[in-house]
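Proteins come first, then strands; the chains are lettered A, B, ... in the order of their sequence lines, and each starts at number 1. Since the structure is predicted, the reported quantities are computational estimates derived from the model, not experimental observations.
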Amino acid sequence: MNYNFREIEAKWQKYWASNQTFKATNNSDSPKFYVLDMFPYPSGAGLHVGHPLGYIASDIYARYKRHKGFNVLHPMGYDSFGLPAEQYAIQTGQHPAITTDANIKRYREQLDQLGFSFDWSREVRTSDPKYYKWTQWVFIQLFNSWYNKESDKAEDIKQLISEFEKNGNSQINAVCDDDTPIFNSEEWSTFSDKKKQEILLKYRLTYLADTEVNWCPTLGTVLANDEIVNGVSERGGHPVIRKKMTQWSMRITAYAQRLLDGLETIDWPQPLKDTQTNWIGRSEGAHVEFKVKDSEHRIPVFTTRPDTIFGASFMTLAPEHDLVSKITTAEQKEAVESYVEATAKRSERDRMADVKTISGVFTGAYAEHPFTKEPIPIWIGDYVLASYGTGAVMAVPCGDQRDYDYAKHFDIPIPNIFEGVDISEEAFADKANTIIGNSDFLNGLGFKEATRKVIDELEKIGQGQGKINYRLRDAVFSRQRYWGEPFPVYYVDGMPQMIADEHLPLELPDVEKYLPTEAGDPPLGNATHWAWDRNNATVVNNDLIDNKNVFPLELNTMPGWAGSSQYFNRYMDAHNEEAIYDSEIIGYWQDVDLYIGGSEHATGHLLYSRFWQKFLFDRGIAPKDEFARKLINQGMITGTSAFVYKDMDSGKVYSKGLINGKNVIPIHADVSLVNASDELDIEAFKEWLPEYKNATFVLEDGKYIVGREVEKMSKSKYNVVNPDNICEEYGADSLRLYEMFLGPLEQSKPWNTAGITGVHSFLKKLCKLYGNIQDNAEPSAENLKTLHKTIKKVEEDIENFSFNTSVSTFMICVNELTAQKCTSKAILEPLAILVSPYAPHIAEELWEELGHQESISTAAFPKFEAQYLVENSKEYPISFNGKMRFKMELPMDMGKDEIEAAVMAHEKTIAQLNGRAPKKVIVVPGKIVNIVG
RNA sequence: GCCUUGGUGGCGGAAUUGGUAGACGCGCUGGAUUCAAAAUCCAGUUCUUUCGGGAGUGUGGGUUCGAUUCCCACCCAAGGUACCA
């Protein structure tokens, strides 16, 4: 049989689509299995060979599970809101929806070409109003919830209101803003509606707050940390300042401990769990309040070392701390203000990355030590960040290297409060070996005892208590962008109101321009038809805003992670218009059994999704509080860039072997112009880069050899390899096999198209093997042995996600069966099933060849039988001092002593020993013989 | 700095609980076939060698009859993260 992959692949892709072979049913007697890929952002560049790596792996697993009798859910969709489409819209005026649709179409073609077993009937797009209706709906549920620390879960805000009506808020143990006032039920009843709303906002799981952002006045927009380079915007190089802005936030911090605890229950890669653990950043310590001398103000700090409180010789506030302007003395005012201004120009990342420069200014004010009542100077310094802890540090220079360096730099005293420790050169931070001295009631105690004691004392004087602090901050949920989900929010008297569920989705309005308005409002500020008519529950023209019946709508949109935080649930019942999903259906699918995607989403998507899932669980909307049992990170595929070398002196282009001693610069050459032997197609290169049309190419052995280097696969490095060309030349099955053959799924590895000929010729050999199938040919013992060791290995490999070794196993199997001239249907039939998860098109074709009418996709996976692998002799490796020197064939049932006797009698043993008497002979039957001496 | 992962031929990589290092594939070399090329097939391919053998999995130690695998120290690379008080 000839391997006509183009015909075969087109035929079966068409068959799968028209027969809906991979459509999953929402109920079944079979056990369920949910295999999920991280859905892609459909960029304009299309897929490169790095993208499908994870999809191929998950597809193999999904197909394998079908062979194993599971009802498999394997959906795909698009994370289709995002910046590139918006950027393109700004440049060209083209509506992002149009660009996005075109990109999705191209993605779909590319994905279809690879033969994935997706259930496309469940496709979702985050930018589709039918989908984002439910993103908006979850937002409303969050708005209508608060976090009850007693029950340790999110609850309906109505319960909170009725508690306020009964008892006020003094008995409530809830997660809320720090500045929430205490009130009783009578006070609550006298509050205005607006005041009530203001207070409730301090409890809601999504709320409005003033948060600091990187504001670029010239661009009129907010920038992400990585859009800022050296304090100026990456695009255009405009200045960026820190600015407060009212934005929606998510109270993810309420879930900090549960997000930490939940990691114990899920089978995710340890590095990913570590990243989340560090991001949440739990630390135990104490909250301490320092009184400011001659004032009413108090400075709260969090410290992990309350035991060292007697060593505190100064305090440092973040320059943007609220108290700075209030406590600074007249003499220091100028210096402080200019320092604060200078700090505002630095990005947070910049401030944190710079460890070497020590800077700060004295405010002129003093705090009072809670126990000694001694004055403590209050400084400001940009190493303290307003968003961490309380934005203030109790500085103990003898116990913290950073405080030590700061004290040295500004000549602040460094009192020693440790017994028997020299601190003349550096701070002493070793908790385990600490004995406190010079510290009044703490003298002689170790870290633990001193900490306990000092917290007791702080509580007695009302200036502190033990506290667990989390590094995790509430997540800002507003974006000043156009191409995102609109908030279902309008404003009455400045207070946010939710649009009722039945009027969702609130669709994104059309705008003339996708840029921020001249007034500095987000792009939705350009919309003329963007006001909410409360009586008629419709969007109307802005002119009609009267703040009585017609109100302004929210101008921000939601961030990229909004749409991806619950899509895995929505796939289960993707087109339900009545509910986010049917409870019976999610009751059947429950959660994701296997999730495959990149580790770069560790602290974004994967943390936020866990948060949303826990919330949905608390509110009885989802049955599981973790959405994915098992997660695998696929590694990155790097590109192998190619370089030509231009001599800067002569202008000639030298082959790689000739560049020594010359003043050459490497220039990227497109990898498609280079063959497997690193030889450049010079004519094609000249056509590609016309400026080299007349350049002289200096060859070695008549060839131009390029230099090679492994770099990230990227358009700008001309090392992107497109799967379309490979499919065209070798077929999807070859590409699938080769991507897996490259190496372990989770490791990053370089791409080199040249190697694909190996798997391609394997598929040809496979076809050849099926050229003369004999229905009734009895399989030989050898045939059965080859088949069953392949079954065993492939099954183990798939279960362990070791797909690369399976491909080798197939090659060995086909090589052996070819050598054995196997034609037996009893062997070739199960082999086709083994291959089918990896190379599904050819497997279907061979299956048909074998006489089947139905798709191979649900054929039962062959059963391994150990009896065929039983051996009656073993080729023993004979080692001397652990080094294998020769081999010897001996029967399997031979005893230890007989083996030893046989080995010692062998002539090579005698030669090796050369007259010496062995000290010891180790015989492990069935394994090895080792002679020592 | 810290956390994580990794380091094996010219290249991608294999070696399941400590038991034959380099499977499988690419590339390369030689040969067959061909007018020639492609394709295909066969043989060889860790290094070294006086052809007996010897050395060898980042480096240096250790445990063991035996270490790519376990332990200690270090070096290098990639990714993540950061004055977290």
_Run the salt bridge (Lys or Arg N to Asp or Glu O under 4.0 Å) test on A:Glu264 and A:Lys273 for me, step by step, so that the C-alpha distance in whole Å, both residues' side-chain angles and the decisive distance to 0.1 Å come before the verdict._
CA-CA 9 Å; A:Glu264 310 276 322; A:Lys273 289 187 184 182; over 6 Å; no
*Between A:Gln820 and A:Thr786, do the side chains contain an N or O donor and an N or O acceptor separated by less than 3.5 Å?*
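Note: A:Gln820 and A:Thr786 side chains meet the donor-acceptor criterion.
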*Taking the side chain from A:Arg736 and the backbone from A:Ala839, do they hold a donor-acceptor pair closer than 3.5 Å?*
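No: the side chain of A:Arg736 does not pair with the backbone of A:Ala839.
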*With the sugar-phosphate defined as primed atoms, P, OP1 and OP2, and the base as all remaining atoms, what B/S/- string results for nucleotides 40-56 of chain B, 5' to 3', for protein heavy atoms under 4.0 Å?*
SS------------SSB
_Nucleotide-resolved protein contact map, nucleotides 4-14 of chain B, B/S/- at heavy-atom distance under 4.0 Å_ = S-------BSS
*Just say parallel, tilted or perpendicular for the rings of A:Phe803 and A:Phe801, cut-offs at 30° and 60°.*
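Geometry flag for A:Phe801 against A:Phe803: perpendicular rings.
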_Under the ring pair (Phe, Tyr, Trp, His ring centres under 6.0 Å) test against A:Tyr738, which residue among A:Phe762, A:Tyr838, A:Trp751 passes?_
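It is A:Trp751; the other options fail the test.
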Going by purine N1 to pyrimidine N3 plus the second Watson-Crick contact, or the G-U wobble pair, all under 3.5 Å, which nucleotide sits opposite [N]?
N      : answer
B:rG6  : B:rC76
B:rG19 : B:rC65
B:rC35 : none
B:rC28 : B:rG44

*asked:* I want to confirm an ordering. Mapping A:Lys920 and A:Ala392 to their closest nucleotides on RNA chain B, which one lands closer to the 5' end?
replied: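 The residue closer to the strand's 5' end, by nearest nucleotide, is A:Lys920.
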_Tell me whether the count of non-hydrogen atoms from other residues, nucleotides or ligands lying under 6.0 Å of NZ in A:Lys785 goes above 12._
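12 or below, so no.
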